[in-house]
Structures are given as C-alpha cells and as structure tokens.
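Everything quoted here is computed from the prediction, not taken from an experiment.
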Amino acid sequence: MKENSNNLVASIKRGIKDSFNFDGKSNRFEFITYFVLTVIAYYGGTILLFSLFETALESIVGPLMFFWYILAILIAISQLANGARRLEDIGKNKWLLLIGFIPIIGLIFILYLCVTPSVA
C-alpha cells in the first residue's frame with residue numbers, strides 16, 4: 001500500500017476516483033472512510049431534496065425524484081466497487097458482494113468488511 005493509505009483526504013480522493021473500478025485493493029481505512037462519506041452524501045442528499053425543497057418547490061418534485069434516483073444508482077455502484085476492492089484486499093471472492101443484498105446479514109457483512117485485516 002501507499003505511505004499515505006491512512007490519510008483521510010487521500011482515501012476519499014481514491015474512493016471517488018475509483019468509484020467505478022472493481023479491480024485493485026482497498027484497505028480497511030479506505031473502505032470505512034469512503035463508506036461513511038457515501039452514506040452521508042446519500043442521506044444528506046435525501047434530506048436536502050425532500051425536506052428543504054419539497055415545500056418551496058412543489059412544482060419540480062418530479063425532476064427532483066429523477067435526480068434522487070440517479071444519485072442512488074451512482075452511490076450503489078460506487079459502493080459495490082468499494083466492496084469488491086475490499087474483498088480483494090482480504091483475499092475473498094468478489095461474488096461475496098451478493099451477501100450484502102440480504103437485509104440483516106448484509107449489515108453484518110459490512111461490519112465484517114470493516115474489521116477484517118488485510119491479507120499480506
């Protein structure tokens with residue numbers, strides 16, 4: 001790994017740069033920081049679109065929903081790529097990402113990805 005692999009700004013930049021790259025490796029710190037960033041961006045965007053704009057701009061709710069769907073799809077693809085890189089780093093098969101789609105087990109799987117150390 002790089003010398004600055006535990007640098008917050010560098011890990012977020014790498015996560016954004018590799019949003020659609022399913023190859024490579026991502027250590028624990030990079031996985032956690034990018035996961036938290038995307039969760040904050042998704043829920044922040046949701047609150048912004050539906051709470052603040054709903055009362056003032058009721059006439060454009062349809063286009064706002066379209067933007068929200070696009071945001072959700074982009075973040076989902078980005079998270080799948082982040083998970084694939086993390087699985088590569090711990091030496092597991094990338095098909096294990098499908099476990100994340102099982103409702104409660106998916107949360108446990110994310111915690112597993114957050115705490116499992118990298119394979120040398």
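Y43 and W68 end up in the same hydrophobic cluster when Ile, Leu, Val, Met, Phe, Trp and Tyr side chains are linked at under 4.5 Å. Residues I90 and V115 do not share a hydrophobic cluster, clusters being chains of Ile/Leu/Val/Met/Phe/Trp/Tyr side chains in contact below 4.5 Å. Both V39 and I75 are part of a single hydrophobic cluster, where members link through side-chain heavy atoms under 4.5 Å apart. Taking hydrophobic clusters as Ile, Leu, Val, Met, Phe, Trp and Tyr residues chained together by side-chain heavy-atom distances below 4.5 Å, F101 does not share a cluster with L107. Cluster annotation: I99 is connected to L97 through the hydrophobic network of ILVMFWY side chains, with a link wherever side-chain heavy atoms come within less than 4.5 Å.
In the displayed structure, L98 atom CG is contacted under 6.0 Å by more than 12 heavy atoms of other residues, nucleotides or ligands. Annotation: K92, atom NZ; neighbour count of heavy atoms from other residues, nucleotides and ligands within 6.0 Å does not exceed 12.
Side chain of R86 to main chain of L113: a donor-acceptor pair is present (N/O by atom type, distance under 3.5 Å, no hydrogens or angles). A donor-acceptor pair is defined here as one N or O able to donate and one able to accept, closer than 3.5 Å; no such pair exists between the side chain of K13 and the backbone of L8. Formation of a donor-acceptor pair under 3.5 Å by the T46 side chain with backbone atoms of Y42 is found in this model.
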Next item on the list: Determine, stepwise, if the pair R85 / L80 fulfils side chain to side chain contact (heavy atoms under 4.5 Å, CB included).
Entry: CA-CA 9 Å; R85 290 191 309 270; L80 286 173; over 6 Å; no
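Atom CD1 in I73 sits 13.5 Å away from atom OG in S78 (nearest 0.5 Å). One finds the CG atom of L37 at 13.5 Å from the CD1 atom of I32 (value rounded to the nearest 0.5 Å).
By the side-chain hydrogen bond (donor to acceptor under 3.5 Å, both in side chains) test, T116 is found to be paired with no residue, residues two or more places apart in sequence or in another chain being considered.
With respect to the salt-bridge test (charged N to carboxylate O, under 4.0 angstrom), the residues D18 and K25 do not qualify.
The minimum heavy-atom distance linking A81 with S19 is given by the pair CB-O, 3.2 Å.
Residues Q79 and F35 form a side-chain contact, since some pair of their non-hydrogen atoms from C-beta on lies under 4.5 Å apart. Side-chain contact check for W95 versus L87: every heavy-atom pair is 4.5 Å or farther apart. Side-chain contact between F109 and L96 is present, with at least one heavy-atom pair separated by less than 4.5 Å. When side chains are defined from C-beta on, R14 does not count as touching Y34, because their heavy atoms never get closer than 4.5 Å. In this structure the side chain of N93 never reaches within 4.5 angstrom of the side chain of E88, judged on heavy atoms. The shortest side-chain heavy-atom distance between D89 and F31 does not fall under the 4.5 Å cut-off. R28 places none of its side-chain heavy atoms less than 4.5 Å from the side chain of C114.
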